[in-house]
Trainee: 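Have a look at the structure that comes next, please.
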Amino acid sequence: MRRARTLGEQRRGNRGSRGSRGGRCGQGGRGGQGGRLAAAAALVVAGLAATAAPAVADDAGALSTLAGHWAPFDRCPVDDPAMLAADGVEKAALCLASSAESGTMVIGDKTVPVAGTNLQMGLLGDGVNYTSVSPEGSGIEADPVTVPGGLLNLMCPSDIPVLTALCEKAADSRLNRVVATVEPAGTPRDFSLVAGLGVGQPIVTLPVKIRLDNPLLGSSCHLGSENDPILLRPRNVSQPTLTLTRYAPDGTTQAGGPMSNIELSGADQLDDSFTVPKAHGCGFLGALDWAVNAQLGLPSPSGANSLVRTAAVTTTGGFYTPSAFAPDQGRLLSEYWHAATR
């Protein structure tokens, strides 16, 4: 049985199959207290974003690897009943993948780098209006981040007595390590292809939450929840470069082929409208929620926060003319996707 690849390995493999195109993302960040919010920011992304979510496996129990131009869509939910039911006329099914390997997050006056992220989902639409279909497990995945400086950098120093005691305990390096992970907190929605092609309009809404893992905070310490998520709405800062590729059902390049990918690349994506809710579940029975909120300034209101995904790459793939494959367009998309699995 093949092992499931890490997210970094998946992205490197996908870039290799697409040639030289792909997002090369820079990093940003200020010194000082920026590390304190690394846990809160390091993985929130417009794609932004997450996780230790389980990889979607094929029937053999290993993560799918797709050939040729199918490669970006290794988690596309082609077997979802709604996707299979698409007829290609009233609704067409297609796949979407969006990735950025780094960027920056600002919460209040603190700026930190963010890790690589990968968003995948299915889309059902008529060319103008779309609904999203999440893959099993998680539509958003990202590399977990070990917070620089750990708990000492996140919470210390502090004049709050409870936190002072934690800081003293965290001086033991075994208790200091903090890992931040973004997790899905709902189904992505409000996808707009027109916004993705242009500048300044929200492309998609991504509900996420951030988990902070540390022996003193526990493993259930979160910023945001399913009931009160962080809602990321990334938009293009500049006009992306559009590349259209036609290919055969097996993923090989073919002029005039029935399949096509539209890749949008080279533009940073920004969201400066989201709020960051209060922490919950920190410490035994949430006993440290108030301390985390006080130290990090949570909740943080809209306008005080921002996210930049550097040189994001967004690709949609499916039939070039979906109506030509009616009424079985969704079923054929699944058939060709599975045929490209290796």
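Keep in mind that this is a model prediction, so the values were computed, not measured. FYI, the numbering just counts along the sequence from 1. Atom set for the values below is all heavy atoms of this structure, side chains included, hydrogens, waters and symmetry mates excluded.
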Trainee: Taking side chain as C-beta onward, heavy atoms only, is Thr314 less than 4.5 Å from Gln269?
Mentor: yes

Trainee: Restricting to non-hydrogen atoms, name the atom on Ala279 and the atom on Val292 that form the minimum distance, rounded to 0.1 Å.
Mentor: CB-CG1, 3.8 Å

Trainee: A cation-pi test, strictly: NZ or CZ of Arg246 under 6.0 Å from the centre of the six-membered ring of Tyr320 and no more than 45 degrees from its axis. Yes or no?
Mentor: yes

Trainee: Can you measure from CG (Leu333) to SG (Cys76) and round to the nearest 0.5 angstrom?
Mentor: 6.0 Å

Trainee: Ignoring hydrogens and geometry beyond distance, is a side-chain donor-acceptor pair present between Asn227 and Ser225 at under 3.5 Å?
Mentor: no

Trainee: Do you know the tightest heavy-atom contact between Trp337 and Phe73?
Mentor: NE1-O, 2.9 Å

Trainee: Which value, rounded to the nearest 0.5 Å, describes the distance between Leu307 atom CG and Arg233 atom CZ?
Mentor: 13.0 Å

Trainee: State, without any angle test, whether Asn236 and Gln201 hold a side-chain donor-acceptor pair at a distance under 3.5 Å.
Mentor: no

Trainee: Treating Ile, Leu, Val, Met, Phe, Trp and Tyr as nodes and any side-chain heavy-atom pair under 4.5 angstrom as an edge, say whether Leu123 and Leu242 lie in one connected cluster.
Mentor: yes

Trainee: List the residues meeting side chain to side chain donor-acceptor pair (under 3.5 Å) with Asn305, not counting sequence neighbours, and say none if there are none.
Mentor: Ser300

Trainee: Where the side chain of Asp271 meets the backbone of Ser273, is there a donor-acceptor pair that is under 3.5 Å apart?
Mentor: yes

Trainee: Which value, rounded to the nearest 0.5 Å, describes the distance between Asn129 atom CG and Asp190 atom CG?
Mentor: 11.0 Å

Trainee: How about Thr341 and Leu66: do any of their side-chain heavy atoms sit closer than 4.5 Å?
Mentor: yes

Trainee: Filter on salt bridge (charged side-chain N to carboxylate O under 4.0 Å, His left out), then keep only pairs touching residues 320-330, sequence neighbours left out; what's left?
Mentor: Asp328-Arg331

Trainee: Report yes or no: do Arg189 and Thr131 form a side-chain donor-acceptor pair below 3.5 Å?
Mentor: no

Trainee: Taking the side chain as every heavy atom from C-beta outward, state whether Leu217 and Leu288 have any pair of such atoms under 4.5 Å apart.
Mentor: yes

Trainee: Please tell me if the side chains of Thr245 and Glu263 come closer than 4.5 Å, counting only heavy atoms from C-beta onward.
Mentor: no

Trainee: Do the side chains of Leu175 and Asn214 get nearer than 4.5 Å, heavy atoms only?
Mentor: no

Trainee: Hey, does the side chain of Gln120 reach the backbone of Pro72 with a donor-acceptor pair shorter than 3.5 angstrom?
Mentor: yes

Trainee: Which atom names give the shortest non-hydrogen contact between Val204 and Pro188, and what distance separates them?
Mentor: CG2-CB, 4.4 Å

Trainee: Quick one about Asp272 and Ser306 (side-chain donor to acceptor, distance below 3.5 Å, no hydrogens or angles considered), yes or no?
Mentor: no

Trainee: Quick one: closest heavy-atom pair of Pro277 and Gly224, and the distance?
Mentor: CG-CA, 3.9 Å

Trainee: Looking at every heavy atom in both Gly196 and Pro240, which two are closest together, and how far apart are they?
Mentor: O-CG, 3.6 Å

Trainee: Return each pair, listed once, that meets ring-ring contact (aromatic ring centres under 6.0 Å, His included) where at least one residue sits in residues 186-230; pairs must be two or more places apart or across chains.
Mentor: Tyr130-Phe191, His222-His280

Trainee: If you look only at pairs with a residue in residues 220-232, which of them pass as a salt bridge (charged side-chain N to carboxylate O under 4.0 Å, His left out), with sequence neighbours excluded?
Mentor: Lys209-Glu226

Trainee: For Phe319, what residues pass the ring-ring contact (aromatic ring centres under 6.0 Å, His included) criterion, not counting sequence neighbours?
Mentor: Phe325, Tyr336

Trainee: Nearest 0.5 Å, what's the OG1-CE distance between Thr316 and Met121?
Mentor: 10.5 Å

Trainee: When hydrophobic residues are tied together by side-chain contacts of less than 4.5 Å, even through go-betweens, does Leu244 share a cluster with Leu193?
Mentor: yes

Trainee: For side chain to side chain contact (heavy atoms under 4.5 Å, CB included), just list the numbers for Val208 and Leu232, CA-CA rounded to whole Å, side-chain angles, deciding distance to a tenth of an Å, and then say yes or no.
Mentor: CA-CA 8 Å; Val208 300; Leu232 300 172; 4.0 Å; yes

Trainee: Is the shortest side-chain heavy-atom distance between Leu270 and Pro234 below 4.5 Å?
Mentor: no

Trainee: Provide the closest heavy-atom pair for Thr275 versus Ser302 in the form atom of the first, atom of the second, distance.
Mentor: CG2-N, 3.3 Å

Trainee: With sequence neighbours excluded, give me every disulfide (SG to SG under 2.5 Å) pair touching residues 254-342.
Mentor: Cys221-Cys282

Trainee: Strictly by disulfide (SG to SG under 2.5 Å), give each pair with a member in residues 287-342 just once, sequence neighbours left out.
Mentor: none

Trainee: According to disulfide (SG to SG under 2.5 Å), does anything in residues 296-342 pair up with another residue at least two apart or in another chain? List the pairs.
Mentor: none

Trainee: Determine, stepwise, if the pair Arg309 / Ser99 fulfils side chain to side chain donor-acceptor pair (under 3.5 Å).
Mentor: CA-CA 9 Å; Arg309 302 180 71 210; Ser99 63; 5.8 Å; no

Trainee: Pairs under 3.5 angstrom only: tabulate donor-acceptor contacts from the side chains of residues 78-95 to other protein residues two or more places apart or in another chain.
Mentor:
residue	atom	partner	partner atom	Å
Asp79	OD1	Ser334	OG	2.6
Asp79	OD1	His338	NE2	3.2
Asp79	OD2	His338	NE2	2.7
Asp80	OD1	Ala82	N	2.9
Asp87	OD1	Val89	N	2.8
Asp87	OD1	Glu90	N	3.0
Asp87	OD1	Lys91	N	3.3

Trainee: Find the distance between CG (Asn293) and CG (Leu298) and round it off to the nearest 0.5 Å.
Mentor: 5.0 Å

Trainee: Hey, are the side chains of Ser132 and Thr187 touching, using non-hydrogen atoms and a 4.5 Å cut-off?
Mentor: yes

Trainee: Who are the salt bridge (charged side-chain N to carboxylate O under 4.0 Å, His left out) partners of Asp126, not counting sequence neighbours?
Mentor: none

Trainee: Applying disulfide (SG to SG under 2.5 Å), which residue pairs with at least one partner in residues 284-342 are found, sequence neighbours left out?
Mentor: none

Trainee: Strictly distance-based, threshold 3.5 Å: is any side-chain N or O of Asp289 a donor or acceptor partner for the main-chain N or O of Gly281?
Mentor: yes

Trainee: Are any of the side-chain heavy atoms of Val313 and Leu264 separated by less than 4.5 Å?
Mentor: no

Trainee: Should side-chain heavy atoms under 4.5 Å link Ile, Leu, Val, Met, Phe, Trp and Tyr, which residues sit in the same cluster as Leu231?
Mentor: none

Trainee: Would you mind checking if Arg75 and Glu141 are paired as a salt bridge, meaning a charged N to carboxylate O distance below 4.0 Å?
Mentor: yes

Trainee: Once you round to the nearest 0.5 Å, how far does CE of Met259 lie from OH of Tyr247?
Mentor: 5.0 Å

